[in-house]
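The first residue of the sequence shown is numbered 1, and numbering continues consecutively from there. Reckoned from all heavy atoms, side chains included, excluding hydrogens, waters and symmetry mates.
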Amino acid sequence: MATTLRDAFSVTRLSFWAGALLSSLVGSLLYIVTAHSIEGDAETRFVNHARHAQSVISVRVKSYTDLLRAAGSMLQSTDIMTHRRFHEYVRGLDLPRNYPAVDSMNFAAWVTESDRVAFMDDLREEMQRHLGKDVQLEISPPGLRPYYLAMAYFEPDPKNPALYGIDLATNRYFSRQLMESRDQGTLYASGTPIPALSTPNNIYLGMRAPIYRFGMPVNDVEQRRAAYVGSLGIAFNLPKLLNGVIDEVPIKGLRMTLYDIGAGMDAAGRDVTGRPLALFDSRGTTRDPTPALDSGDDVFTTTLPLDFNGRPWKTIYSVHKSALYTEFDTYYPKLMMAFGFLGSILLYALLHTLTSSRRAALSLAQEMTSELRESQTKLQLSHQKLRRLADHAYQIKEIERKRIAREIHDDLGQSLLALRIEAELLAGRTKGTHSHLHKRARATLLQIDATIKSVRQIINDLRPTVLDLGLSAAVEWQVNQFQRRTGIQCEIQDDHGEIALPDHCATAFFRILQESLTNIVRHANATRVKVELRLHGGWLSLTVRDNGCGLPPGGRNKYGSFGLVGIEERIVILGGTCAVFSEPDGGTTVMVSAPVVGGPEPTFSQEQEHSAGSAVI
């Protein structure tokens, strides 16, 4: 014993290095997990801040869109619009204060070739009144075209009147987009920087809205084209629009790069569809407006979409990971690695001790387990034999009851019947001649009738003859007898009619019903009982439900009470199940089920008697 314990608790060189290696692995794993956790938390905070910045940009874009819609609604609400009214309206908006990114607001009138001369005359006259001097204006670029989209109003007033009369329809791409905006009645957002205003990393963009004539319908394309009078637009500075967004994010060194990824044309008129156009870079300069994007394992980056009135934008946010780490975040993984190493060493020592103790006890436990399994096998075999013996005893009891009932019926019943006939003949012959003897004969006849009734009751108690008519008839008879004897209201639900059952199955279900009704009379204090007999899928179910007081706590295991135990044993012998449901003051339900339809009579051979699994449970 001492040698076994010494060998079990000894520390070998292999076990020492195994513990050291395992502790190192645990410490390294804790370091990696902690570092990843800190990095994941920092990345989550970075993405949340980026989404907040994106939502701020969306709100600002919407406010400028609402400005354009409101101005368009003003133009469409009147059929007479002058430069002076437009000027006063824009002045009332106070653009520098309320919309600092808006550089200008303008209106381009839709003019056909037939109306060009009259339009230009009216524009020169109005500009002369507005500026107080003669202004020579012409549509530019010059040339005759089927239609023009000429600049008529421009706010704030430009110092150079040459901006008036510029034809926006001469740019084929721009003109096509404006015509689609007119036909669809939607805003048009330009994906091309305004060349006259934009400089490197200081982009100006435009938005335009179609304006329709006051009072005319605009329900379909043809109506919109007929009512179209021009296009209202705003030009805004993108850096000013984005001004302060990054300042609201509490991350030092955050970079924001905004791209337009929709269809468009560059300054030379070339199609740039499919090539992202850099609109803004918070790290860009005049010399290098779009420096290379940040990349590498030490950088967090996320790309978020943005809808600019139908044009797809994307914003790339990036920042160095160190900007999101605190000093504690730097040392925390190392601390966890040290804790993991030391903790693993201690845990390994404890486990080594426990394992050694386990090895020392395994031999004893294995021997005890072997004896326990052998005892358990014997107990199971004994339990199966007892169950088969109980089943045999139940069958012998029923067979003996049936035999006794048949012999009483055949022998004693016939004798009593013959004796009654003789007594009735004697009473009939002494009637009127021997009054005293007739009286004694009638008394004897009544005594014989009472005896016959008692014998019939004994026969029914041993085995009701109605059981030979089938289980359904026997159940109905028993319930009627129970209701007549106790006065408890009973209800039977049997939707299957007569059921063909082996005799031992029918007898078992009948005895279960008798025991359940007896328990109700003794313990339930019920006023109503419901009995259900159902056949489904080869399984017969019997349910007895009352509205009594229910089973008290521990009632099923009460000492000296074998009613429910007998029910369970009877149904288990048939290979079925038994369930008892009860609630305080809620009644009790006994439900048994067994595969009985077409089942053969159980037989017990000598081979089964000695088989470990012969009993059906």
Side-chain angles (χ1 to χ4, degrees), residues 19-61 200-203 238-261 276-307 312-348:
L21 178 61
L22 179 62
S23 301
S24 300
L25 290 176
V26 172
S28 301
L29 181 63
L30 279 178
Y31 178 86
I32 295 173
V33 170
T34 305
H36 277 288
S37 175
I38 293 174
E39 181 177 336
D41 179 67
E43 186 174 9
T44 300
R45 286 187 282 115
F46 161 71
V47 172
N48 289 336
H49 287 308
R51 287 176 178 170
H52 172 71
Q54 197 77 343
S55 66
V56 172
I57 296 174
S58 298
V59 170
R60 294 188 179 185
V61 169
N201 207 36
N202 189 32
I203 300 298
L238 193 57
K240 289 183 179 179
L241 179 69
L242 303 178
N243 185 35
V245 174
I246 297 181
D247 296 339
E248 295 183 10
V249 179
I251 300 177
K252 184 179 181 181
L254 177 67
R255 180 182 179 183
M256 179 175 67
T257 308
L258 180 64
Y259 292 91
D260 184 296
I261 57 176
L277 174 63
L279 300 177
F280 174 77
D281 194 326
S282 61
R283 203 174 291 174
T285 61
T286 303
R287 292 184 177 181
D288 187 10
T290 55
L293 294 176
D294 297 332
S295 61
D297 295 336
D298 62 336
V299 174
F300 287 136
T301 181
T302 183
T303 302
L304 300 177
L306 183 64
D307 178 55
W313 282 2
K314 72 174 181 180
T315 310
I316 300 178
Y317 297 90
S318 60
V319 69
H320 286 280
K321 295 180 180 179
S322 58
L324 291 149
Y325 292 160
T326 63
E327 186 176 356
F328 177 74
D329 293 336
T330 304
Y331 292 102
Y332 187 56
K334 299 177 182 178
L335 180 64
M336 289 301 297
M337 181 175 66
F339 172 77
F341 180 80
L342 295 177
S344 299
I345 284 289
L346 296 176
L347 183 61
Y348 178 80

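With sequence neighbours excluded, no residue forms a side chain to side chain donor-acceptor pair (under 3.5 Å) with Asp307. Take Arg60 and apply the side chain to side chain donor-acceptor pair (under 3.5 Å) test, not counting sequence neighbours, and it matches no residue. In this structure Glu43 satisfies the side chain to side chain donor-acceptor pair (under 3.5 Å) test with no other residue, sequence neighbours excluded. Shown here are the side-chain contact (heavy atoms from CB on, under 4.5 Å) partners of Ser282, two or more places apart in sequence or in another chain: Ile246, Arg255, Met256, Phe280. Not counting sequence neighbours, the partners of Asp41 by the side-chain contact (heavy atoms from CB on, under 4.5 Å) test are Arg45. Annotation: side-chain contact (heavy atoms from CB on, under 4.5 Å) contacts of Thr330 (sequence neighbours excluded): none. In this view, Tyr332 and Phe328 satisfy the ring-ring contact (aromatic ring centres under 6.0 Å, His included) rule, not counting sequence neighbours. The side-chain contact (heavy atoms from CB on, under 4.5 Å) test applied to Asn202 returns Thr199, Tyr204, Asn237, Pro239, not counting sequence neighbours. With sequence neighbours left out, Thr290 forms a side chain to side chain donor-acceptor pair (under 3.5 Å) with no residue at all.
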message = Run the side chain to side chain contact (heavy atoms under 4.5 Å, CB included) test on Val249 and Tyr317 for me, step by step, so that the C-alpha distance in whole Å, both residues' side-chain angles and the decisive distance to 0.1 Å come before the verdict.
response = CA-CA 11 Å; Val249 179; Tyr317 297 90; over 6 Å; no
Go through it in stages, so that I can follow the logic: the residues are Asn201 and Thr285, the test is side chain to side chain contact (heavy atoms under 4.5 Å, CB included), and I'd like the CA-CA distance, side-chain angles, deciding distance and then a yes or no.
CA-CA 7 Å; Asn201 207 36; Thr285 61; over 6 Å; no
Side chain to side chain contact (heavy atoms under 4.5 Å, CB included) for Asp294 and Thr301? Distances and angles first, verdict last.
CA-CA 8 Å; Asp294 297 332; Thr301 181; over 6 Å; no
Let me see the working for Ser322 and Asp298 under side chain to side chain contact (heavy atoms under 4.5 Å, CB included), right down to the final yes or no. CA-CA 8 Å; Ser322 58; Asp298 62 336; over 6 Å; no
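Pro291 places a side-chain heavy atom less than 4.5 Å from the side chain of Asp281.
Taking each heavy atom of Phe46 and Ile251 in turn, the nearest pair found is CA-CD1, 4.1 Å. A pairwise comparison of heavy atoms in Pro289 and Thr286 identifies CD-O, 3.9 Å as the closest pair.
With rounding to the nearest 0.5 angstrom, the CG atom of Leu279 is 5.0 Å from the CG atom of Leu258. One finds the OG1 atom of Thr303 at 10.0 Å from the CD atom of Gln54 (value rounded to the nearest 0.5 Å). Rounded to the nearest 0.5 angstrom, Leu277 CG and Ile203 CD1 are separated by 7.0 Å.
Each of Leu241, Leu242, Leu304 was evaluated against Ile57; a single residue qualifies, Leu242, per the side chain to side chain contact (heavy atoms under 4.5 Å, CB included) test.
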Scan the side chains in residues 26-35 for donor-acceptor partners under 3.5 Å anywhere in the protein, sequence neighbours excluded, and list what turns up.
unit_1	atom_1	unit_2	atom_2	d
Ser28	OG	Ser24	O	2.9
Thr34	OG1	Leu30	O	2.7

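Classification of the Tyr325-Phe300 ring pair by plane angle, with boundaries at 30° and 60°, yields perpendicular.
Within the structure, the side-chain hydrogen bond (donor to acceptor under 3.5 Å, both in side chains) test picks out no pair touching residues 238-251 (sequence neighbours left out). Annotation: salt bridge (Lys or Arg N to Asp or Glu O under 4.0 Å) contacts involving residues 329-346, sequence neighbours excluded, are absent.
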